[in-house]
Amino acid sequence: MTPSFEAIAASLAGYDPQALRVDLAQQFIKELLPLPQQSEKLGLRAALGRVLAADVISPLQVPAADNSAMDGYALRASDLLPSGETRLRLAGTSLAGAAPSAALGSGHCQRIMTGALMPPGLDTVVPQEFTRRDGDFVVIPAGLLRAGDNRRLAGEDLALGSVALAAGRVLKPADLGLLASLGLAEVLVWRRLKVAIMSTGDELRGLGEPLPPGCVYDSNRYTMWAMLERLGVEVIDLGIVRDQPEALREAFSRAAAEADAVISSGGVSVGEADHTKRVMAELGEVLFWRIAMRPGRPMAIGRIRSEGKTALLFGLPGNPVAVMVTFYAFVREALLRMSGASPEPMPMLRAASTGTLRKKAGRTEYQRGVVTRPDGQWQVAITGNQGSGILSSMSQANGLVLLGHEQGDVAVGDLVDVLPFDGLM
Ligand SMILES: Nc1nc2c(c(=O)[nH]1)N[C@H]1C(S)=C(S)[C@@H](COP(=O)(O)OP(=O)(O)OC[C@H]3O[C@@H](n4cnc5c(N)ncnc54)[C@H](O)[C@@H]3O)O[C@H]1N2
Ligand code: MOO
Ligand SMILES: [Mg+2]
């Protein structure tokens, strides 16, 4: 059972129903999220980007046995003289993939290749470029080696029975390699989250349709779809919904029945055609509305029910930049958590502002900027018109400048936090 809105509100000091602080809203949402229930087994390649449903316990130790990190000669460090040269008698060769060789007596060394098993009793490898051959002997100068050099120890990568990857991890290329190194061909992941999207608005037209006066092309479904694709969720596109309560009721009901989460754009403000919150309340509850942020202030979050199923509904404001900013600020992490992931905080840059920025204390602002590193120092320049309908300045940006709740105006040269878009938006 997820806690009730009232229970969470009661637990949060500083809750202001007129405009909830961004950090409190983020905390609210986190506590409301249902966790995934169904998992499935997938082959490694199909599992890229998916979320691990259980810890992967290493069924092997990696490396399985001590082996060489260099092409050279395996020896006993205790045979090395402290000064001058050491001469060791060469006995045999170890190649990668060959069975372990027999034990060698003191005063002997063995030719060994990278990845070959260390002969029993030998503990150190000297790279061949540091040595000289003299008939059956290998000559090694003093002072080059310490015991254990260039030897890879059994289990130094992964110990038998250790947690190789923890549940909640979003599988990345190195993880697929790690799983393969354990001989695992399949992995248990959570089912992909289903997210329904829709744009609301009588003025919206689909691509390829004529554009009568007063109408605009629906761009929000494309940015929403793209951001969701990047997250790796399954997108159910419910198209454009007209500004009529009946149409919205039908679309929301269908979305709640089919999806785990629903994202709508538009209709959350106070206009005469803004029906989102009312229909949200009819089909479930509005958990909160209005955040102390810009852009994105009228965002509404609720739960809707249909056919015995409940879905979280993110009612994003219609303005195209507000859609992207609220997605970044709230939706992305929520969907990752609902997918079973334990997301890390996103990496931020500290960059010097190239201009003065107007900022009102008492709300969080997200400004679009371009970060560069001209003289080894990060700097950020705002991309022109910051109106929340101006998509071109979002498209030019490579990051969002985050100005916190208490922050006031920013002067030239002041350091600000920047969230780089790379891989995100
Ligand atoms: N009296 C007030 N008016 C407004 C307030 C307010 O506090 N008091 N807040 C403003 C803010 S801030 C925002 S953001 C918008 C939010 O509006 P809605 O969520 O109701 O969105 P709409 O009215 O439906 O649309 C707003 C704007 O965005 C365009 N739009 C909508 N959907 C799309 C789409 N899919 N693709 C492209 N463009 C879209 C729409 O045509 C409007 O221009 O409210 C302010 N008003
Ligand atoms: O909060 Mo609205 O997104 O600025 O225009
Ligand atoms: Mg409106």
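We count ligands from 1, going down the list as the structure has it; atoms in each ligand are counted the same way.
Among all heavy-atom pairs drawn from Arg305 and Glu285, the shortest one is NH2-OE2, 2.9 Å.
Between Val268 and ligand 1, at least one N/O pair is under 3.5 Å apart. Polar contact with ligand 1: absent for Arg221 (N/O pair, distance under 3.5 Å). Residue Gly318 places at least one N or O, backbone or side chain, under 3.5 Å from an N or O of ligand 1. Considering backbone and side-chain atoms alike, Ser388 places every N or O at 3.5 Å or more from each N or O of ligand 1.
With atom 43 (O) of ligand 1 as the reference point, the heavy atom nearest to it among Asn319, Asp243, Val321, Val216 is part of Asn319. Selection from Pro317, Gly267, Ser269 by nearest heavy atom to atom 21 (O) of ligand 1 gives Gly267. Relative to atom 32 (N) of ligand 1, the option among Ile240, Asp218, Asn220 with the closest non-hydrogen atom is Asn220.
Contact annotation: Gly201 has no heavy atom less than 4.0 Å from any atom of ligand 1.
In the vicinity of Pro298, heavy-atom distances shorter than 4.0 Å reach the ligand 1 atoms 11 (C), 12 (S), 13 (C), 14 (S), 16 (C). Short contacts between ligand 1 and Val270, defined as distances under 4.0 Å to a heavy atom of the residue, involve ligand atoms 1 (N), 2 (C), 8 (N).
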What does the contact table look like for ligand 2 (nitrogen or oxygen on each side, cut-off under 3.5 Å)?
residue	atom	partner	partner atom	Å
ligand 2	1 (O)	Gly296	N	2.5
ligand 2	1 (O)	Arg297	N	2.9
ligand 2	3 (O)	Gly296	N	2.9
ligand 2	3 (O)	Ser388	OG	3.3
ligand 2	4 (O)	Ser388	OG	3.3
ligand 2	5 (O)	Asn319	ND2	2.8
ligand 2	5 (O)	Ser388	OG	2.2

